[in-house]
Student: 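A single structure is presented below for examination.
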2 protein chains.
Amino acid sequence: MTEPTARPTRAQQRRQTEDRILTAARQLFAERGYDRTTIRAVASSAGVDAGLVMHYFGSKDLLFARVTETAPAPDVFQAATGGGAGAEAGELYGGTPDEATEALLTSLGRRLTDEPESSLAVLRSMLTNADAADRYRTAAQPQLDQLTEAIPAPDADLRASLLSAIIHGVIAERYLLRLTNLADASPEQIITLLRPCFESLTTAPADDAADGQG
Amino acid sequence: MTEPTARPTRAQQRRQTEDRILTAARQLFAERGYDRTTIRAVASSAGVDAGLVMHYFGSKDLLFARVTETAPAPDVFQAATGGGAGAEAGELYGGTPDEATEALLTSLGRRLTDEPESSLAVLRSMLTNADAADRYRTAAQPQLDQLTEAIPAPDADLRASLLSAIIHGVIAERYLLRLTNLADASPEQIITLLRPCFESLTTAPADDAADGQG
DNA sequence: GTCTATAATATGATAGAC
DNA sequence: GTCTATCATATTATAGAC
């Protein structure tokens with residue numbers, strides 16, 4: 001029992017090093033994508049040896065999985081439900097089209113302010129890495145379900161997919177391609193310009209809503 | 001002069017083999033992206049040796065450049081101007097917002113029907129390859145300029161960028177990610193759903209148009 | 001708990017044979 | 001004009017030393 005709380009235990013030490021590695025990996029995967037990020041570069045950036053990274057995470061695939069599994073699935077209605085402790089993340093919310101629009105815009109506003117690096121790692125890699133693509137599909141599905149639920153139209157699923165694709169394009173060009181107009185614009189500017197666009201997709205024409213599945 | 005036109009000249013033979021290699025490369029770059037496409041795989045797919053590919057194109061970078069330089073820059077107003085021999089590709093066209101919307105939708109419709117593989121090669125690779133990213137920026141610029149010209153608003157450049165980002169997202173999810181809803185939808189369905197969205201971005205509110213740059 | 005040494009493989013590129 | 005052989009390098013991954 002020498003120095004009961006002074007020095008970190010081996011487990012704490014390991015956890016700390018693991019975190020440094022994960023942080024370095026997250027950043028590099030987000031900046032360069034899966035293929036162009038090497039174990040060596042991650043280790044060097046974390047100030048450790050490449051062998052240690054392998055020892056802790058087993059393989060590059062598993063390291064990438066650990067980095068991207070922490071990516072928060074964007075909950076469309078997180079904001080609309082007040083963001084309190086009440087609503088579960090996966091819970092479906094029978095919102096109106098207007099609520100869906102505003103919730104989606106709020107969610108987009110957060111992402112335009114500060115998109116998590118783990119999400120950028122997925123977005124950067126998903127066109128050339130099957131695991132990343134799966135991760136994206138899985139993460140996007142609840143959002144798609146929520147939107148589809150809220151859109152009163154026979155083609156609600158396609159409308160939801162278009163909304164998702166639009167957000168994908170905007171985030172990709174702002175953060176990954178860094179096209180100047182989109183990278184420099186304020187979240188508010190973008191939100192304001194996209195609101196009518198989103199409204200048109202969440203709100204179906206009157207006859208469409210009454211229509212059949214054809 | 002034995003058999004003046006019967007057998008192909010060496011130049012013709014070479015050109016033919018080059019074309020086979022380019023076709024194979026185009027397809028593989030579009031399917032797997034730059035990094036995951038190997039010279040060996042291209043050669044094998046073209047039915048030749050890897051050394052020959054290097055001999056003809058010099059390097060992998062140059063091969064990719066040859067594949068992607070043939071990607072047609074989408075001209076927004078190609079359709080609106082009648083598609084005849086009159087308008088140059090780079091010529092600016094002082095269209096109205098409504099004309100811009102319809103031209104952009106027509107252009108998108110073509111791409112939703114049959115996006116060229118050389119464009120897909122660029123789109124697939126541009127998040128992880130600087131050359132591909134430059135190619136995309138260069139190809140998108142004329143379209144952005146045309147759109148900005150046609151949108152009567154102080155934030156016309158941001159509106160144009162958003163339109164471009166939206167198209168990018170839709171094309172990427174349809175062809176590269178192959179998300180089912182977007183991959184299965186008909187061009188007409190997508191066009192119809194996006195028309196109001198595009199209209200809202202090309203058409204500024206009345207006071208905005210009269211406003212200053214603030 | 002961390003690092004060194006090395007295996008096993010794959011790649012872009014080059015030189016030269018036929 | 002096309003292919004064989006090879007170089008030089010870089011990577012993930014493993015085994016074992018300290």
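Residue numbers start from 1 in every chain, and the chains themselves are labelled A, B, ... in the order their sequence lines are given, proteins ahead of strands. Keep in mind it's a predicted model, so treat the numbers as computed, not measured.
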Student: OP1 or OP2 of C/dG1 sitting under 4.0 Å from any side-chain N/O of A/Thr17?
Tutor: no
Student: Figure out the CZ/P separation between B/Arg14 and D/dC3, and round it to whole Å.
Tutor: 13 Å
Student: Measure the distance from CD on B/Gln12 to P on D/dG1 and round it to the nearest whole Å.
Tutor: 11 Å
Student: Need one value for B/Ala43: base, sugar-phosphate or nothing, where a base atom within 4.0 Å counts as base even if backbone is also close, heavy atoms only.
Tutor: nothing
Student: A/Arg36 CZ to D/dT11 P: how many Å, rounded?
Tutor: 11 Å
Student: Can you find a heavy atom in the side chain of A/Tyr34 that is under 4.5 Å from one in the side chain of B/Asp35?
Tutor: no
Student: Specify whether A/His168 and A/Tyr136 have parallel, tilted or perpendicular ring planes, treating 30° as the upper limit for parallel and 60° as the lower limit for perpendicular.
Tutor: tilted
Student: Any carboxylate oxygen within less than 4.0 angstrom of a Lys/Arg side-chain nitrogen, looking at A/Glu69 and A/Arg135?
Tutor: no
Student: So B/Thr9, base contact, sugar-phosphate only, or nothing? Heavy-atom distance under 4.0 Å.
Tutor: nothing
Student: Just call it for B/Ile39: base, sugar-phosphate, or nothing, with non-hydrogen atoms closer than 4.0 Å on any strand.
Tutor: sugar-phosphate
Student: Rounded to whole angstroms, how far apart are CE on A/Met54 and P on C/dA5?
Tutor: 19 Å
Student: Please check this pair: side chain of B/Asp155 against backbone of B/Leu158, looking for a donor-acceptor N/O pair closer than 3.5 Å.
Tutor: no
Student: Considering only side-chain heavy atoms of A/Val48, which listed nucleotide, D/dC3, D/dA13, C/dC3, is closest?
Tutor: C/dC3
Student: Any idea which of D/dT11, C/dT2, D/dT2 is nearest the A/His55 side chain?
Tutor: C/dT2
Student: Given atom CG of A/Asp61 and atom P of D/dT11, what is their separation to the nearest angstrom?
Tutor: 16 Å
Student: Mind calculating the distance between CZ (A/Phe64) and P (D/dA13) to the nearest angstrom?
Tutor: 14 Å
Student: Checking contacts here: which listed nucleotide (C/dG12, C/dA13, D/dA13) is nearest the side-chain heavy atoms of B/Ser59?
Tutor: C/dA13
Student: Out of C/dC3, D/dT6, D/dT14, which has the shortest distance to the side chain of B/Arg40?
Tutor: D/dT6
Student: Scan A/Ala11 against the nucleic acid and name what it touches under 4.0 Å (heavy atoms): base, sugar-phosphate only, or nothing.
Tutor: sugar-phosphate
Student: Which comes earlier along DNA chain D counting from the 5' end, the contact point of A/Tyr34 or that of B/Gln13, where each point is its nearest nucleotide?
Tutor: B/Gln13
Student: Kindly indicate whether the side chain of A/Tyr175, heavy atoms from C-beta on, has any atom under 4.5 Å from the side chain of A/Leu123.
Tutor: no
Student: Does a nitrogen or oxygen in the side chain of A/Tyr56 sit under 4.0 Å from OP1 or OP2 of C/dG1?
Tutor: no
Student: Could you give the CG-to-C1' distance, from A/Asp35 to C/dA10, as a whole number of Å?
Tutor: 13 Å
Student: Rounding to a whole Å, what distance do you find between B/Leu52:CG and C/dG12:C1'?
Tutor: 16 Å
Student: Would you mind telling me which of C/dT4, D/dT6, D/dT4 lies closest to the side-chain atoms of A/Asp49?
Tutor: C/dT4
